[in-house]
Number of protein chains: 2
Amino acid sequence: MSRNPQTVRSERTRVALRRAALARFQAQGVEATSAEQIAEDAGVTLRTFYRHFPSKHDLLFADYDSGLQWFRGALAARPDDEPIVESVRAAIFAFPYDVQPLTQMAAFRAAELDPDRIVAHLRQVESDLADAITEHLRRRVGSSERTLDIVVTARCIAAAVFGAMEVWMLREKRSLADLAELSHATLTALETGLGVDGLFRHY
Amino acid sequence: MSRNPQTVRSERTRVALRRAALARFQAQGVEATSAEQIAEDAGVTLRTFYRHFPSKHDLLFADYDSGLQWFRGALAARPDDEPIVESVRAAIFAFPYDVQPLTQMAAFRAAELDPDRIVAHLRQVESDLADAITEHLRRRVGSSERTLDIVVTARCIAAAVFGAMEVWMLREKRSLADLAELSHATLTALETGLGVDGLFRHY
DNA sequence: TGCTGTTTTGTCAATATTGACGGAACTGTG
DNA sequence: CACAGTTCCGTCAATATTGACAAAACAGCA
């Protein structure tokens, strides 16, 4: 009885599927590629395809998830006594935007994708980010449960980061440096305190 | 040329579909009901069904959307010089939980539904809420665009409300009054100022 | 009423997804 | 190697969704 058996084979087909899919996507576009083609290219059945990925489009977003993994690690590496906002900021600035396939795959095929799908996925990533922060805080304070203040704090931080992303997405010229800058600004607004001389002063 | 023609017929089938669906769902459960059955009961084709609702499950969540409509109206009715957090709080407390089919339909069939589906929808509602608040603020300040501080402010408020909901959902005993109380608390935390003597003091 | 442009449906045919069941491959052991 | 337990995969058969195209219903107008 081993806790993680046969993950070898499974992982192999997962990789095969991903590779096959990206090749097709690149060559003939996402919508023009059928799930069946991907499965065949990878040498498995259609059903097996769906055993590894919840949907055809999830293959596109798989890269985002690896980014999230990276983020969790980055957070964990920060000192425990550092203010949480500072930890998040540091992680965001250290993010390997150019290495992570995140930017590439997602961006260059984005135009072809249904905007709703993209937005929905961004929501999911934001949610996962909030979750990662929540867990990080929970671990740091040694609490066994997700308390109200931890949850809300984490969500606000995620909201700040993705609020920056929303504004960034609406711009014509978008550089990754700008995105980091915007995040920096919104996180600072949080630190400064929304109610005192921060954002809420205006509303 | 009228801006909203023939919406009469369309609305009629939409209602028929909704009615048929809810009846089936109630009687035999959501998963055991096929989209085709609903369409037939409503006297239309399967294709027409999907012209009115993006998916079978959206029929369950349609009620949530009407709740959002209500919220928008409630926000608009608040005085323009009232602090935004206060406006939101007031709207939340005034929400007709018992009247809106929100609570009923969603809650009692929730157990049968895929949790992921529910979570995804809650994310969507949170996003829509943030959007509603953003638009409200934008109108109030007369800005033509969604500025960084408006967007982030709105998102944080939504985050506070849904953070409260997350914690509420994890409890065994859940009363609507408790939910309102939790929201009240998290909104106050925002007002107090995260960075000064609010949540961030602890992290 | 008859004409015309628009909106809503029906029809047909691909795909996309998912549940159920049985066989194959893999791991740890004796 | 044979055996037992587990995990992964193939097969089959429903559904769920979506795109393309044409007919039907409806609104405004001569």
Side-chain angles (χ1 to χ4, degrees), chain A residues 1-22 24-25 27-62 109 112-118 120-121 124, chain B residues 1-21 24-25 28-62 109 112-118 120-121 124:
Chain A
M1 123 31 270
S2 46
R3 281 169 54 277
N4 191 3
Q6 210 156 327
T7 297
V8 214
R9 181 154 73 128
S10 179
E11 184 59 21
R12 196 164 29 187
T13 74
R14 189 192 315 285
V15 170
L17 282 168
R18 179 136 53 207
R19 198 196 310 287
L22 294 187
R24 287 275 190 181
F25 288 167
Q28 53 193 228
V30 177
E31 296 313 328
T33 301
S34 77
E36 197 167 18
Q37 287 180 325
I38 299 174
E40 280 181 3
D41 287 359
V44 295
T45 310
L46 181 60
R47 193 67 185 76
T48 292
F49 173 112
Y50 283 105
R51 284 209 183 82
H52 288 275
F53 299 93
S55 88
K56 195 178 81 176
H57 294 90
D58 269 284
L59 276 160
L60 273 179
F61 299 130
R109 276 293 166 196
E112 186 199 344
L113 283 181
D114 177 9
D116 288 340
R117 217 185 283 281
I118 299 177
H121 188 257
Q124 150 118 247
Chain B
M1 100 65 247
S2 46
R3 281 168 54 276
N4 193 2
Q6 208 156 330
T7 297
V8 214
R9 181 154 72 127
S10 180
E11 184 58 22
R12 196 164 28 186
T13 75
R14 191 192 313 285
V15 170
L17 282 169
R18 180 136 51 205
R19 196 196 314 285
R24 286 276 190 181
F25 289 167
Q28 53 193 233
V30 177
E31 297 310 331
T33 301
S34 78
E36 197 167 17
Q37 288 179 324
I38 300 173
E40 279 180 6
D41 286 0
V44 296
T45 309
L46 181 60
R47 193 66 186 78
T48 292
F49 173 109
Y50 283 105
R51 283 207 184 84
H52 288 274
F53 299 94
S55 88
K56 195 178 80 174
H57 294 90
D58 269 285
L59 275 160
L60 272 178
F61 298 131
R109 275 293 168 195
E112 184 200 345
L113 282 180
D114 178 8
D116 288 340
R117 217 186 283 281
I118 299 178
H121 188 257
Q124 151 118 244

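In this text, all values refer to a predicted model and were calculated from it rather than measured experimentally.
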Legend entry - side chain to side chain contact (heavy atoms under 4.5 Å, CB included) partners for B:Arg117, two or more places apart: B:His57, B:Asp114
Legend entry - Terminal axes of the helix from C:dT1-D:dA30 to C:dG30-D:dC1 (five pairs each): angle between them, nearest 10 degrees: 10°
Inset, instruction - Tell me, please, which residues at least two apart from B:Thr45 pass side chain to side chain donor-acceptor pair (under 3.5 Å). - result: none
Inset, instruction - Just jot down the side chain to side chain donor-acceptor pair (under 3.5 Å) partners of B:Thr13, sequence neighbours excluded, or say none. - result: B:His52
Legend entry - Length of the CZ-P vector between A:Arg12 and C:dA25, whole Å: 12 Å
Inset, instruction - Please state how far atom CG in A:Leu17 lies from atom P in D:dC8, giving the value in whole angstrom units. - result: 14 Å
Legend entry - CZ on A:Phe25 to CD1 on A:Ile38, rounded to 0.5 Å: 4.0 Å
Legend entry - Listed once per pair and sorted, the salt bridge (Lys or Arg N to Asp or Glu O under 4.0 Å) pairs that draw on residues 31-41 of chain B, sequence neighbours left out: B:Arg24-B:Asp41, B:Glu31-B:Lys56
Legend entry - Residues in side chain to side chain donor-acceptor pair (under 3.5 Å) contact with B:Ser55, at least two apart in sequence or another chain: B:Asp58
Inset, instruction - Could you run through nucleotides 9-19 of chain D and give me one letter per nucleotide, 5' to 3': B if any protein heavy atom sits under 4.0 Å from the base, S if only the sugar-phosphate is that close, - if neither? - result: BBB----SBBB
Legend entry - Residues that B:Arg12 engages under side chain to side chain contact (heavy atoms under 4.5 Å, CB included), provided they are two or more places apart: B:Arg9
Inset, instruction - Could you pull out all residues at least two apart from A:His121 that satisfy ring-ring contact (aromatic ring centres under 6.0 Å, His included)? - result: A:Phe61, A:Tyr64
